[in-house]
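Following: one structure in structure tokens, then a few remarks.
Chain letters run A, B, ... following the sequence lines, proteins first, then strands; residues in each count from 1.
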Amino acid sequence: MSVPPSPSKDFIREIIDEDLSSGKHESTVTRFPPEPNGYLHIGHAKSICLNFGLAEEYGGRCHLRFDDTNPAKEDVEYVDSIKEDIQWLGFDWGDHLYYASDYFDKLYEWALVLIENGKAYVDDQTFEEIRMGRGDLNTPGTDSPFRDRSPEENAEIFKAMKNGEFDDGSKVLRAKVDMAHPNLNMRDPVLYRIARAHHHRTGDAWCIYPMYDFTHGQSDALEYVTHSLCTLEFENHRPLYEWFLENLPVPSYPRQIEFSRLNLNYTVMSKRKLLQLVEENHVEGWDDPRMPTISGLRRRGYPPEAIRNFCKTIGVTKFESTNDMALLESGVREVLNQNSLRFMAVLNPIKIVVTNYPEGQVEEIESPANPENPEAGTRKFCFSREIYIERDDFMEDPPKKYFRLSPGNEVRLRNAYFIKCEEVIKDDQGEVIELRCTYDTDTPRGQNPSDGRKVKGVVHWVSASHSIDATVRLYDRLFSVESPDSGENSFLDHINPDSVVELPNAKLEHNLADVANGETVQFERLGYFCVDKDSTPENRVFNRTVGLRDSWAKAKDQP
RNA sequence: AACUCCAUGGUGUAACGGUAGCACAUCACAUUUUGGUUGUGAUUGUCAAGGUUCGAAUCCUUGUGGGGUUGCCA
């Protein structure tokens with residue numbers, strides 16, 4: 001088994017290297033074990049990239065296993081979306097699709113093994129009594145009055161539990177470990193509960209369901225998983241994970257290793273909060289482009305490659321860090337700068353009449369489709385007497401260092417001529433509604449004027465009669481503070497009121513009519529935009545994926 | 001307060017007893033028909049105190065700070 005040379009490895013890869021070189025394992029088997037009770041988010045992407053990435057690097061395999069032991073919360077809708085998201089991210093579980101529910105029979109059999117060995121018992125106490133008996137952080141627990149039932153009696157009652165002879169919640173099966181253990185997870189943890197809930201796969205075959213702790217390690221063992229990677233909150237479950245492996249006739253002995261979960265600033269990541277955003281209509285759904293869900297990022301236009309690169313960059317440690325959204329966005333720009341085709345689009349148009357350009361004349365201009373990639377070829381678009389430019393690209397009374405159009409000033413029209421603003425036309429309210437400009441015939445694409453004069457500003461534009469109408473949605477961070485979670489107020493109080501701004505009157509270069517749904521392109525000088533699923537042939541809808549880096553925006557905000 | 005894990009620039013992440021490096025962010029300058037890209041440079045860091053050692057971010061001790069755990073959720 002060859003290991004790719006790498007200058008530095010995270011602690012998990014170091015463990016795997018050791019296990020391989022010591023001969024403990026011959027190959028590496030990992031697994032990604034989501035519970036199908038919600039949509040995947042970028043935090044899951046970290047785990048997916050780690051587990052599937054490891055399998056690729058080490059020539060091993062990674063299983064997709066749905067941890068479906070709590071039917072009350074789970075649904076096939078989630079199973080499907082999870083599969084779709086993993087594939088979109090670029091990973092493949094091949095034939096290795098499993099469900100914890102595949103092991104219900106084996107787990108039941110193993111529960112009987114524990115009972116037989118005097119290591120599990122049926123407890124008739126109420127939920128409340130069990131909770132009280134557990135003690136707390138500083139107080140040891142006390143033994144249940146049912147703790148010393150005989151193996152025979154326990155087996156009989158447990159079978160009756162399975163056969164549906166008791167009410168939901170009336171009994172549980174518990175492991176017999178140590179009620180005084182300093183680790184609360186070891187104080188006779190519950191193994192099975194009675195719950196008459198319809199399971200998305202096993203239907204109504206079962207009325208008892210195993211708990212996470214009694215399921216996870218054994219499932220790993222049954223699949224011959226070598227390294228079972230999970231997040232830090234399962235650290236104190238590890239002794240229990242190992243207790244089951246030691247007390248059951250498992251076919252293999254996986255190792256649980258914990259790493260820190262992904263945190264991102266300016267967003268929230270917990271399933272509960274994401275659900276709340278959806279249910280209370282603060283966003284338009286799980287795939288709202290402002291959501292940190294995989295489906296949201298996809299709809300936003302983030303390339304999967306950028307998400308994979310991001311996960312690689314942030315690394316794997318046990319330190320609970322908060323990553324900067326700017327790092328993710330920078331990775332998105334990096335990929336998109338290389339790959340995306342360029343177009344001109346005017347989001348907030350103002351009309352210009354080029355007074356010295358002949359009426360009715362149309363000129364075709366050819367320009368690189370992507371200057372970063374000559375193989376992308378060229379595109380053609382039209383210039384004419386009436387064009388639109390961005391309202392932001394004109395100021396009647398500009399501040400210093402403003403390179404764009406203003407009265408008497410000259411700028412370059414991107415890919416076309418120099419124009420000079422000769423006249424400003426306003427309506428009754430004093431609002432600028434049109435500009436009259438003249439152009440320099442000496443300055444078409446690729447040419448500077450023969451008198452050698454230069455111009456500082458370049459402005460994008462579209463020909464009025466050749467443009468198409470569109471709606472453009474400008475997305476920004478969902479929260480206006482770095483840690484919406486912290487502090488005394490609800491995270492909802494920090495929702496950014498401008499997280500989406502809809503511009504209904506955008507004018508696009510006509511080539512943009514052909515861009516496929518879901519594809520991300522660059523609007524020159526503005527940013528990257530992606531065709532939204534709401535788009536129709538009559539009205540194109542684009543989402544802003546991320547803006548270009550904008551040093552002017554920063555400069556002008558400074559006092 | 002019990003158990004447990006963690007601590008390196010603003011944010012992340014390397015350095016495995018021997019030069020504290022990289023990315024993002026920030027700020028300059030250069031290039032540029034995208035105020036983009038690209039290039040060059042600058043700024044900023046080992047939680048604290050002791051100890052071991054020729055030498056400590058790294059090993060030891062203590063302290064400080066932070067996270068997790070008291071579901072019949074995962």
* So, are A/Asp102 and A/Arg201 salt-bridged, with charged N and O less than 4.0 Å apart? -> yes
* Would you check if A/Tyr212 stacks with the base of B/A74, given a 5.5 Å centroid limit and a 30° plane limit, both strict? => no
* Asked: Would you call A/Lys312-A/Glu57 a salt bridge at under 4.0 Å N-O?
  -> no
* Taking the side chain of A/Asn236 as heavy atoms from C-beta outward, which of B/C24, B/A15, B/C3 is closest to it? -> B/C3
* Taking atom P of B/G66 as reference, at what distance in whole Å does atom CD of A/Glu320 sit? -> 14 Å
* Could A/Arg131 and A/Glu128 be called an ion pair, given the rule that one side-chain N must be under 4.0 Å from one carboxylate O? -> yes
* Asked: Does A/Phe403 lie flat on the base of B/G35, that is, centres under 5.5 Å apart and planes under 30° off?
  -> yes
* So A/Phe529 and A/Phe523, would you call those rings parallel, tilted or perpendicular, with 30° and 60° as cut-offs? -> parallel
* Asked: Only one of A/Phe244, A/Tyr241, A/Tyr103 clears ring-ring contact (aromatic ring centres under 6.0 Å, His included) with A/Phe214; which?
  -> A/Phe244
* To do: Quick one: label A/Lys401 by what it contacts on the DNA or RNA (base, sugar-phosphate, nothing), any heavy atom closer than 4.0 Å.
  => base
* **Closest heavy-atom pair and its distance - A/Phe158, A/Tyr192** => CZ-CD1, 3.8 Å
* Remember a base hit wins even if backbone is also touched, and classify A/Gly315 as base, sugar-phosphate or nothing at under 4.0 Å, heavy atoms. => nothing
* To do: Quick one: the dot-bracket string of RNA chain B, using Watson-Crick and G-U wobble pairs with both distances under 3.5 Å, [ ] for crossing pairs and | for bases paired to another strand.
  => .((((((..((((....[..)))).(((((.......)))))....(((((..]....))))))))))).....
* Asked: So what does A/Asn183 touch, heavy atoms closer than 4.0 Å: a base, only the sugar-phosphate, or nothing?
  -> nothing
* Structure fact -> Considering only heavy side-chain atoms of A/Lys554, the closest of B/G68, B/A2, B/C27 is B/C27
* To do: Looking at every strand, decide which applies to A/Glu329 at a 4.0 Å heavy-atom threshold: base, sugar-phosphate, or nothing.
  => nothing
* Asked: Can you find a donor-acceptor pair, distance only, under 3.5 Å between A/Arg342 side chain and B/U34 base?
  -> yes
